Amino acid sequence: MADESKHDHERRGSLTGVAEGLANEDDAAVLAKMGYKQELRRNFSAVEVFGIAFSIMGLLPSIASTLAYSLPAGPAGLVWGWFVASAFIFVVGLAMADLGSAMPTSGGLYYWTHYYSSPKTRNALSFLVGYSNTLGLVGGLCSIDYGFALMFLSVIVIARDGEWTPSDGIVYVVFMCCVLLHGVLASTLSKVMGKLQTVFVVANFILIAATVIALPIGRASERNNGKFIFGTTSNLTTWPIGWAWFLSWLSPIWTIGAFDSCVHMSEEAANATTAVPMGILFSIGACWFFGFIICIVIAACINPDIESVLGSPFGQPMAQIYFDAVGKKGALGLMSLLFIVQFLMGLSIIVAASRQSWAFSRDGALPFSGFFRVISKRMGYIPFRAVWGCVFLALILGLLCLIAPAAAAALFSLAVAGNNMAWGVPIFARLVWGERKFKPGPFYTGRLSKPIACTAIVFLVFGILLSMMPVGGPDPTPETMNYTVVINCAVWGGSLLYYFVDARKWFTGPRTTLEGLPDDLTEEQQVALREGVQELDGEKKAQELDADKRV
C-alpha cells in the first residue's frame, strides 16, 4: 500500500509539474484551478518579478528616448507631466494587481477577458486582446531596440564631433544585430535569467545615480532656478498649450508601460498570487518616484534653448544634455552606459513577450500554435520557439525604420496603443460583466476596486487617443503624420476579421491542459480544477469531466 501510495503521489506530481521541480504544491494548485498544467520552472522570486518589469522600463534610457514628446511642453511639462501621468498609471496598476493576484497566469490579459466577458463576446474579445498584447509587446521590443540603435550610433556621432550621420540602413543593421543577440541570450541564459534581473536593476540605479550626480556638477554655474523647472511652460507644437502638456504624458505612458510583464511571468514566479501584484505596484511606484527626480534634474540642467536641444546634431536630446554638462568624454561615457542599460531592457522584454506568445499558442490562437507552444526542457524549460518567433516578427516590423522616421515612430505607438487596449478590456469586462465571478486573491483593493477600475479605463482610452495624435500639431505632412491609427487599426481590425472569418470556428478561448486527468490530481487540485472549468466553460465541460471520471 505504501509503495502504491508513493507511486500515485509521484504520478500526480509528474502531471502537475511538481515532480520535475517546476513548482511547489500551492503554486501548481493555483494554476490547476485555471485548467493548466505547470510547464515552466518557477525560478523567479517576488523581487525578480519586480526586477524584470523595472528593467524593461529602463527608467533613464526610456526618458531619454521620449524627450521629444515631453520637452516641447517645456520644463514644467516634463516634470509635472511625468508626475500626473505616473499617478494615473499607478491606478491602472492597482486594477491590474487585483486581477493578477486573483488569477496569475502567463496569458493573463486575454485569459481574464475571456473569463469575465459575457458568453457572446468573450471569444472575440479574448482573441482581440491576445493579438493586441502580443503585437504590442513585440512592438515594445522593436521600439526599445530601435532606441538602442540610435543611442549606440549617437556615441559614434559624438566621437566624430557631429560630422557623420548614420543612414536608415545602418540604423536597421544595428537594430537587427541587437534583436538577434537578444534572442541568443534569452535562449541560453534561462537558468539565471531571474538572477540577472537583480543585476539589471542595479545597472539602472548606477546610471540614475551617475546622471543625477554628474549633470548638476557639470552645470553648477548654469543651473536653472526653481521657477524655470516647475513653472515654465512652452509649446513647440502647433497644438494648444494644454494639449501639448497632455502629449508630454506619452513619455511616462511608454516608459512605465511594461508592468504587465509581471503578469506574463506568473507561471515562473514563486508564490505568484502575491509576487505578481507586488511586482506591478513596486515597479510603477519606483518609476514614478525616481522618474520624477530624473525629470527635475534634467529640467535643472538643460540648456534653456530647448529647441536647440531637440534639434541636436547628435540625434539624441539626452546626448546633447550630457555633452553640455560634462563635455565630449563625459557624454561618451554616460551615453555608453545609457545604451548598455537600453540593451538590457530589450533582453528582459523579449522574455516577457515570448511568454505571452507561448501562452497564446498554448491556447491555439496563433498561427502554427502547435509549433510555438512546445517547451524546451534542454534549454531550461523555456518556450524556445516562441522566443525566436518574437525575434523574427520584430525583425519584420523593424523594417518600418527603413521607410521613414514617421513609420519608425509607429513602433513606439504600437506598443502604447496595443498594450493600453490589452489592459483596458479585461478591466472593463470584469467591471461590466464579471463582477460576480471575481474572487479576490491575497492582494485586493476592497471597496475602492470599482472606482479604481473606472478611473483606469478612462485613462487607458485617453492614452490610446494621445498615442494616435500627430505630435507636432494638426494638419501634419506625410513626414510628420502619426501612423499609429493606421497600424493599430490594422492590428485590431485584422484580428477581428481573422476571428469572424475563420478563427470563430475553432477558437473557444483558453484550453484546459489538465482536462481528462482529474483522477491523477490531488484532491485539492481536483476541486480547484472543477471550479475553474465550471467558471470558464460552463456546466457542459464540468459534465464532460464527470463522464470521464466515471469511465
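None of the values given here were measured: they were computed from a predicted structure.
The ring pair (Phe, Tyr, Trp, His ring centres under 6.0 Å) check on F54 picks up F50, F205, with sequence neighbours excluded. With sequence neighbours excluded, the residues that form a side-chain contact (heavy atoms from CB on, under 4.5 Å) with S117 are T113, T121, R122, L125, A429, W433. With sequence neighbours excluded, the residues that form a side-chain contact (heavy atoms from CB on, under 4.5 Å) with V157 are W164, P166, F314. Checked against side-chain contact (heavy atoms from CB on, under 4.5 Å), I56 has the following partners two or more places apart in sequence or in another chain: I52, I144, A258, S261, S348, I349, A352.
Within the 3.5 Å criterion, the main-chain N or O of T508 finds a donor-acceptor partner in the side chain of H114. Checked by atom type and distance alone, the side chain of K437 pairs as donor or acceptor with a backbone atom of Y115 at under 3.5 Å. Remark: the backbone N or O of A422 is not paired with any side-chain donor or acceptor of N133 at under 3.5 angstrom. Under a 3.5 Å cut-off, the side chain of T484 and the backbone N or O of S467 do form a donor-acceptor pair. Listed for the T273 side chain is no donor-acceptor partner under 3.5 Å among the backbone atoms of P442. Remark: side-chain polar atoms of S154 are not paired, donor with acceptor, to backbone N or O of Q316 under 3.5 angstrom. A side-chain donor-acceptor contact under 3.5 Å links D363 to the backbone of R511. For Y111 (side chain) and M34 (main-chain N/O), a donor-acceptor pair under 3.5 Å exists by modelled atom type. D98 contributes a side-chain N or O that, together with a main-chain N or O of T445, makes up a donor-acceptor pair within less than 3.5 Å. The closest donor-acceptor contact from the side chain of S376 to the backbone of M379 lies under 3.5 Å.
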Please step through side-chain contact (heavy atoms from CB on, under 4.5 Å) for the pair M421 and V491, ending with a clear verdict. CA-CA 11 Å; M421 163 71 81; V491 170; over 6 Å; no
Does the ring pair (Phe, Tyr, Trp, His ring centres under 6.0 Å) test come out yes or no for W423 and F259, once each step is laid out? CA-CA 10 Å; W423 302 335; F259 59 83; 4.5 Å; yes
Test log, rule side-chain contact (heavy atoms from CB on, under 4.5 Å), inputs S62 and M345: CA-CA 9 Å; S62 295; M345 291 168 58; 3.2 Å; yes
Please lay out, stage by stage, how V341 and L60 fare under the test side-chain contact (heavy atoms from CB on, under 4.5 Å). CA-CA 9 Å; V341 173; L60 211 152; over 6 Å; no
Could you check L393 against L135 for side-chain contact (heavy atoms from CB on, under 4.5 Å), going step by step and ending with a plain yes or no? CA-CA 9 Å; L393 180 57; L135 292 174; 3.7 Å; yes
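Closest approach of M335 to A319, counting heavy atoms only: SD-CA, 3.8 Å. Minimum interatomic distance between A394 and V179 (heavy atoms only, all atoms of both residues): CB-CG1, 4.1 Å.
Classified by interplanar angle (parallel below 30°, tilted 30° to 60°, perpendicular above 60°), the ring pair Y499/F127 is tilted. In this structure, W288 and F90 have tilted ring planes: the angle between them lies in the 30° to 60° band. Using cut-offs of 30° and 60° on the angle between ring planes, the pair Y131 and Y498 is perpendicular.
A heavy-atom distance below 4.5 Å is not found between the side chains of L150 and V174. With a 4.5 Å cut-off on side-chain heavy atoms, M193 and V351 count as touching. Using a 4.5 Å cut-off on side-chain heavy atoms (C-beta onward), S143 and W254 make contact. Contact annotation: the side chain of W358 approaches that of L40 to within less than 4.5 Å [non-hydrogen atoms, C-beta and beyond]. Two residues are said to be in side-chain contact when any heavy atoms from C-beta on lie closer than 4.5 Å; M57 and N204 fail this criterion. Counting heavy atoms from C-beta on, the side chains of W388 and V184 come closer than 4.5 Å. Looking at V276 and V263, their side chains come closer than 4.5 Å, going by heavy atoms from C-beta outward. Looking at heavy atoms from C-beta onward, L338 lies out of side-chain contact with V155 at the 4.5 angstrom threshold.
The distance from the CG atom of L344 to the CZ atom of F200 is 4.5 Å, given to the nearest 0.5 Å. Distance CZ/F339 to OG/S65: 13.0 Å, rounded to 0.5 Å. Rounding to the nearest 0.5 angstrom, the gap separating the OH atom in Y381 from the CZ atom in R41 is 6.0 Å. Between atom OG of residue S86 and atom CD1 of residue I284 there is a gap of 9.0 Å, rounded to the nearest 0.5 Å. The OH atom of Y69 lies 10.0 Å from the OG atom of S251; values are rounded to the nearest 0.5 Å. How far CZ of R385 is from SG of C390: 14.5 Å, rounded to the nearest 0.5 Å.
A donor-acceptor pair shorter than 3.5 Å cannot be found between the side chains of S132 and Y110. Between the side chains of S126 and N123, not a single donor N or O lies within less than 3.5 Å of an accepting N or O.
Using a 4.0 Å cut-off between charged side-chain N and carboxylate O, R362 and E267 make a salt bridge.
The local environment of CZ in F88 is sparse, with at most 12 non-hydrogen atoms from other residues, nucleotides or ligands closer than 6.0 Å. By the 6.0 Å contact criterion, CZ on F282 is open, its count of non-hydrogen atoms from other residues, nucleotides or ligands being 12 or less.
Judged as a salt bridge (Lys or Arg N to Asp or Glu O under 4.0 Å), the pairs with a partner in residues 342-355 (not counting sequence neighbours) are, in order, E268-R355. Sorted by first and then second residue, the pairs that involve residues 182-205 and meet salt bridge (Lys or Arg N to Asp or Glu O under 4.0 Å), not counting sequence neighbours, are E48-K195.
Among S354, S190, S357, the one residue that satisfies the side-chain contact (heavy atoms from CB on, under 4.5 Å) test with V387 is S354.
R430 forms a cation-pi arrangement with F438, by the criterion of a distance under 6.0 Å to the ring centre and an angle within 45° of the ring axis.
F343 has its ring centre less than 6.0 Å from the ring centre of H182.
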